[in-house]
**Q** 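My structure is below; once you've seen it, I'll send some questions.
Just so it is clear: chains get the letters A, B, ... in the order the sequence lines come, proteins before strands, and each one is counted from 1. On a predicted model such as this, the values are computed, not experimentally measured, just so you know.
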Amino acid sequence: MKKVLLSLIICVLYLQASAQANYMTRNGQISFFSKTSMENIDAVNNEVTSIINTGTGEIVYAVLVKSFRFEKALMEEHFNENYMESDKFPKSTFSGKLTNLSAIDFKKNGSYPATVEGDMTIHGIKQHVTASGTIVVNGNKISITSTFSIKLADYKIEVPSLVAEKIAESIEVKVNCQYEPKS
Amino acid sequence: MRKVLFLLLALGAVSALVAYQIYNKPHRHAEGKPYVSIHAHELYDLFTADENQANENFLDKVIQVNGTIAEISLNQDDRQVILLQSNDPLFGISCTLEKTDRKISKGDVIHVKGICKGYLSDVVLTDCVIINP
């Protein structure tokens with residue numbers, strides 16, 4: 001009887017632990033920057049949805065291509081219609097795992113270097129990628145920042161030769177998300 | 001000869017102006033008559049039932065949604081984001097407001113007009129304005 005009770009308690013504790021392990025944001029930020037000698041282009045998206053499971057290290061990002069905001073409306077139009085084809089491919093996603101989960105103590109405040117590995121899908125093309133960043137734990141809040149670059153050619157994003165000098169072949173992407181426990 | 005030169009100059013000036021205006025054309029706002037006026041529950045159900053069809057119907061359109069505020073938060077640009085309740089307890093219609101000029105609170109029933117950007121785990125509208133609190 002005692003054994004049954006004990007296993008029940010363990011079971012409940014485990015369930016609670018896994019229930020608390022999911023952290024989410026729907027207002028995360030992803031920005032990108034294209035730098036050439038002709039023109040600098042940047043865009044920001046403040047509607048990033050991301051979930052991280054601190055128990056398993058699984059992490060998911062999803063972003064709507066149409067909600068990237070550029071300084072110039074015309075650039076935004078070209079980005080959506082000519083390069084990203086956002087009517088056909090409305091979202092970009094990343095789904096992966098922390099590769100150094102054991103080095104991060106989500107119960108202890110602090111700043112931890114982190115690496116992820118997984119599948120990035122942009123413009124309908126899936127690529128296996130790795131990236132590094134920083135995880136900051138502060139009470140029951142987690143923030144994740146990361147900077148990495150992607151090559152347009154990897155995702156079959158074609159730039160007409162006429163404007164090729166204005167758009168970098170490799171784009172710098174910045175991620176900045178603040179998570180709260182998922183209720 | 002002078003006339004031709006003048007005409008050419010005028011034409012050049014006009015096309016430069018037009019090009020400049022296209023280059024600097026303003027961002028879209030959620031203005032004018034909405035494409036559709038719809039309840040938050042219904043909009044969410046349409047996207048969860050058939051995302052592709054809903055994208056075809058609503059993507060990039062100005063739509064008006066009425067519903068109950070489940071949550072209010074601030075994004076990293078300090079803009080208010082309202083989550084309207086759906087039939088799902090966790091997800092709904094996420095509306096990023098263009099400006100914060102009204103006092104709103106959780107539980108309020110509101111009408112929001114915004115541009116539909118698609119569906120993640122929530123349906124996302126941006127550049128939203130509140131029509132009536």
**Q** If you tally heavy-atom pairs under 4.5 Å against chain B, which of A:R26, A:E47, A:E77, A:Q29 wins?
**A**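 Highest number of pairs under 4.5 Å: A:R26.
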
**Q** Classify the ring geometry of A:F89 against A:H123: parallel below 30°, tilted from 30° to 60°, perpendicular beyond 60°.
**A**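 Rings of A:F89 and A:H123: perpendicular, over 60°.
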
**Q** Salt bridge check: are A:R69 and A:E76 linked by an N-O gap of less than 4.0 Å?
**A**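 Yes, A:R69 and A:E76 are salt-bridged.
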
**Q** For B:N75, is it the side chain, the backbone, both or neither that has a heavy atom under 4.5 Å from a heavy atom of chain A?
**A**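 B:N75 touches chain A through backbone and side-chain heavy atoms alike.
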
**Q** If the test is side-chain contact (heavy atoms from CB on, under 4.5 Å), which one of B:Y44, B:F58, B:F91 qualifies with B:Y119?
**A**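 Among B:Y44, B:F58, B:F91, the one meeting side-chain contact (heavy atoms from CB on, under 4.5 Å) with B:Y119 is B:Y44.
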
**Q** Does any heavy atom of chain B fall under 4.5 Å from the side chain of A:K72, the backbone, both, or neither of them?
**A**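 For A:K72, backbone and side chain are both near chain B.
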
**Q** Can you tell which of A:T49, A:D87, A:I51 has the highest number of heavy-atom pairs within less than 4.5 Å of chain B?
**A**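 Ranked by contacts with chain B, first place is A:T49.
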
**Q** Taking all non-hydrogen atoms of both residues, which atom of B:S105 and which atom of B:I69 are closest, and how far apart?
**A**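 Smallest heavy-atom distance, with atoms named: O-CD1, 3.6 Å.
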
**Q** My understanding is that only one of B:K33, B:E31, B:R28 makes a side-chain contact (heavy atoms from CB on, under 4.5 Å) with B:V62; could you say which?
**A**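 In the set B:K33, B:E31, B:R28, the residue that makes a side-chain contact (heavy atoms from CB on, under 4.5 Å) with B:V62 is B:R28.
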
**Q** With a 4.5 angstrom heavy-atom cut-off, is it the side chain or the backbone of B:N52 that approaches chain A, or both, or neither?
**A**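 Interface part for B:N52: neither.
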
**Q** Which residue out of B:D127, B:N24, B:D77 racks up the most heavy-atom pairs below 4.5 Å with chain A?
**A**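 Ranked by heavy-atom pairs under 4.5 Å with chain A, first place is B:D77.
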
**Q** Where does A:T93 contact chain B at under 4.5 Å (heavy atoms): side chain, backbone, both or neither?
**A**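 When you check distances to chain B, no heavy atom of A:T93 falls under 4.5 Å.
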
**Q** Of the backbone (N, CA, C, O) and the side chain (C-beta and beyond), which part of B:N55 lies under 4.5 Å from a heavy atom of chain A, both, or neither?
**A**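 The side chain, not the backbone.
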
**Q** Where on B:L74 is there a heavy atom nearer than 4.5 Å to chain A: the side chain, the backbone, both, or neither?
**A**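 The backbone, not the side chain.
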
**Q** Side chain from CB out, backbone as N, CA, C, O: work out which of these in B:E51 comes under 4.5 Å of a heavy atom of chain A, or both, or neither.
**A**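 It is the side chain, since no backbone atom gets that close.
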
**Q** Less than 4.5 Å to any heavy atom of chain B: does that hold for the side chain of A:N80, its backbone, both, or neither?
**A**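 Contact with chain B is absent: no heavy atom of A:N80 under 4.5 Å.
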
**Q** Is it the side chain or the backbone of A:V65 that comes within 4.5 Å of chain B heavy atoms, both, or neither?
**A**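 Neither part; nothing is under 4.5 Å.
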
**Q** Tell me if the aromatic rings of A:Y112 and A:F106 count as close, with their centers under 6.0 Å from one another.
**A**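 No, ring centres 6.0 Å or more apart.
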
**Q** Over 60° means perpendicular and under 30° means parallel, so tell me whether A:F70 and A:F79 are parallel, tilted or perpendicular.
**A**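 Tilted: the ring planes of A:F70 and A:F79 meet at 30° to 60°.
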
**Q** Using every non-hydrogen atom in the two residues, find where B:I104 and B:I72 come nearest and quote the distance to one decimal.
**A**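 Taking B:I104 first and B:I72 second, the nearest heavy atoms are O-CD1, 3.7 Å.
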
